[in-house]
Structures are given as C-alpha cells and as structure tokens.
Amino acid sequence: SNLMRPLYEVTTSGMTHSWGSVETSTCGRVRLGRLCNVTYMNHAKRLVLHFAHQVFPWNELIVDDDTNQKQYTLKLNVAELEFDWEDQQVLTRILGHKGQTILEQRWPFQNLSSIEETMIPDRDFQSVSHRLQRQATTIEKDDWICVHYTGTPSGISFAMATISTAFLVSVLLCGPLLLSVLLLWLLISKRRERSPSKQKPE
C-alpha cells in the first residue's frame, strides 16, 4: 500500500480583480474591463465558471464536509491563516473585499504532519510517475509524488466537461444574436399581416 502525507494549498485571486467580481470594473483579465461592464457578459462569465467548477473533474478542490460543496469563490478575495497553538490547529479563511468570511476550513496540526495509508489506487501514482518521467523529471525511489486526494481524473471526464462547457459558451455567445434575429423576423411578419392587401380593379 502507498503512504500518504497531506499537502494543503490555499490559492487566492487577489483584491484587485477576479472573474466573478462585481465590485470593480475589471474581471479576470484587466484588459477586458470594458467588456465586463456589460451586464449580460458579467452574468454569462460567472455562469460559465460556476458550471465549469461543477462539471470538470478538478479533484484537487476540497469538498466541505458540512455543505458537501466544492470550496471555491469567484469574488474578490484574500487568504488569512490563523495558527492556534493551544488547540493545535490552523484556521484558514478566505475573506471578501469587505473583510467578510467567504470560505473557512480548520485543520489540526496532527493532520498536517501525519503519515498514513491511502486508499488512492496504485495506478494513479503510476500515471503521475510516468508523466513526470516523460517530462524528464528524475524520480528517486523514496521521493514523494503529489496526487489529488480524490484520485487522478480520467481523460474521458475531462473531454466531456470540455465539450459541455464549450457548448454552454456557444449558447451564451450566439443566444442573444439568434434571439435578436428571431424577434426581428416576428416583427416583420406581424407588420406584413397588418398591412392592407392591394386589390386589383376588375
């Protein structure tokens, strides 16, 4: 069996801009600030990113035990780590632009340094090891290999998630154009129905 030692990572977007921020005039790409001012684009990009977080097998994301939800946010955020030496635990908070707590996790010190057996299949470790070898990375016998705590996702899962997300993006981009064409066609049809027909004299 493989031995596991947990490795936690906290990634924050920052307090200047993020893909889901409505507090500022910019989004994930500062040069697209004007585009993000469009209300429809603001809602569309948030919808796509929330959808992607749900369908993509990003197995490194922590799932909260209480809510059973993936731990992520698209808002402006910054991280805070609070070490409690009396209770022997670290409190991790993701704070919003007003200092409010968006996400929170507690990890005992023992969990951060413990080494135990893992239920992750051997094939997941082997696939990561082979990928590192293809990248010309030297792996010694006793080296640790970093594997997602829920296992390595399959290529089929990624392919299906990519296709479904691309389809959603296409619908959101083409939807307004198709709706405009449809409304224009209905307007023209109504006007033709209301216009009096010309009769030829007998």
Side-chain angles (χ1 to χ4, degrees), residues 4-84 87-113 120 124 128 146-155 157-173 175-176:
M4 177 187 70
R5 183 170 187 172
L7 176 63
Y8 296 95
E9 176 186 352
V10 180
T11 304
T12 58
S13 297
M15 296 297 284
T16 56
H17 57 277
S18 68
W19 277 111
S21 63
V22 294
E23 299 86 3
T24 63
S25 60
T26 58
C27 53
R29 297 290 183 269
V30 180
R31 294 181 179 179
L32 298 180
R34 293 182 179 179
L35 186 60
C36 290
N37 283 333
V38 180
T39 303
Y40 177 81
M41 292 301 299
N42 239 322
H43 290 290
K45 65 182 174 63
R46 284 202 298 270
L47 176 61
V48 169
L49 288 173
H50 280 303
F51 180 81
H53 275 83
Q54 297 303 318
V55 300
F56 269 94
W58 290 330
N59 293 356
E60 69 276 14
L61 288 177
I62 293 177
V63 177
D64 186 74
D65 293 333
D66 297 330
T67 63
N68 200 32
Q69 297 293 324
K70 292 182 179 180
Q71 297 294 280
Y72 74 94
T73 180
L74 303 178
K75 302 177 181 179
L76 295 176
N77 62 87
V78 66
E80 176 185 71
L81 300 178
E82 180 181 333
F83 293 88
D84 189 336
D87 293 337
Q88 294 291 296
Q89 65 180 1
V90 56
L91 173 61
T92 304
R93 296 190 188 94
I94 303 297
L95 306 177
H97 74 294
K98 293 183 179 180
Q100 75 277 20
T101 300
I102 301 176
L103 302 173
E104 180 178 296
Q105 288 290 326
R106 295 178 183 270
W107 296 313
F109 289 168
Q110 184 178 0
N111 289 4
L112 299 177
S113 58
I120 298 177
D124 291 340
V128 174
C146 191
V147 178
H148 298 160
Y149 78 107
T150 53
T152 303
S154 65
S157 301
F158 262 109
M160 295 300 296
T162 302
I163 293 173
S164 59
T165 304
F167 176 76
L168 177 61
V169 172
S170 301
V171 171
L172 292 175
L173 291 179

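Because the structure is a prediction, the values reported are computed rather than measured.
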Under 3.5 Å donor-acceptor, Glu104 side chain and Ile102 backbone:
no
Hey, are the side chains of Leu91 and Asp84 touching, using non-hydrogen atoms and a 4.5 Å cut-off?
no
Nearest heavy atoms of His97 and Gln100, plus distance in Å
N-OE1, 3.9 Å
Determine the interplanar angle of the His50 and Tyr72 rings, folded into 0 to 90°, and report it as parallel if under 30°, tilted if 30 to 60°, perpendicular if over 60°.
tilted
Can you tell me how far apart CG (Leu47) and CG (Leu168) are? Round to the nearest 0.5 Å.
5.0 Å
Taking the side chain as every heavy atom from C-beta outward, state whether Gln88 and Gln110 have any pair of such atoms under 4.5 Å apart.
no
Nearest non-hydrogen partners of Ala79 and Ile94, listed with the distance:
CB-CD1, 4.0 Å
To the nearest 0.5 Å, atom CD of Gln89 lies from atom CZ of Phe109 at 8.0 Å
Looking at CG of Leu103 and OG1 of Thr12, how far apart are the two atoms once the value is rounded to the nearest 0.5 Å?
11.5 Å
Within 6.0 Å of CZ in Phe167, more than 12 heavy atoms from elsewhere
no
Within the structure provided, determine whether Gln105 and Val10 are in side-chain contact (heavy-atom separation under 4.5 Å).
no
Do Phe158 and Trp58 come close enough that some side-chain heavy atom pair is under 4.5 Å?
yes
pair Leu95-Asn77: side-chain heavy atoms closer than 4.5 Å:
no
Partners meeting salt bridge (Lys or Arg N to Asp or Glu O under 4.0 Å) with Glu9 (sequence neighbours left out):
none
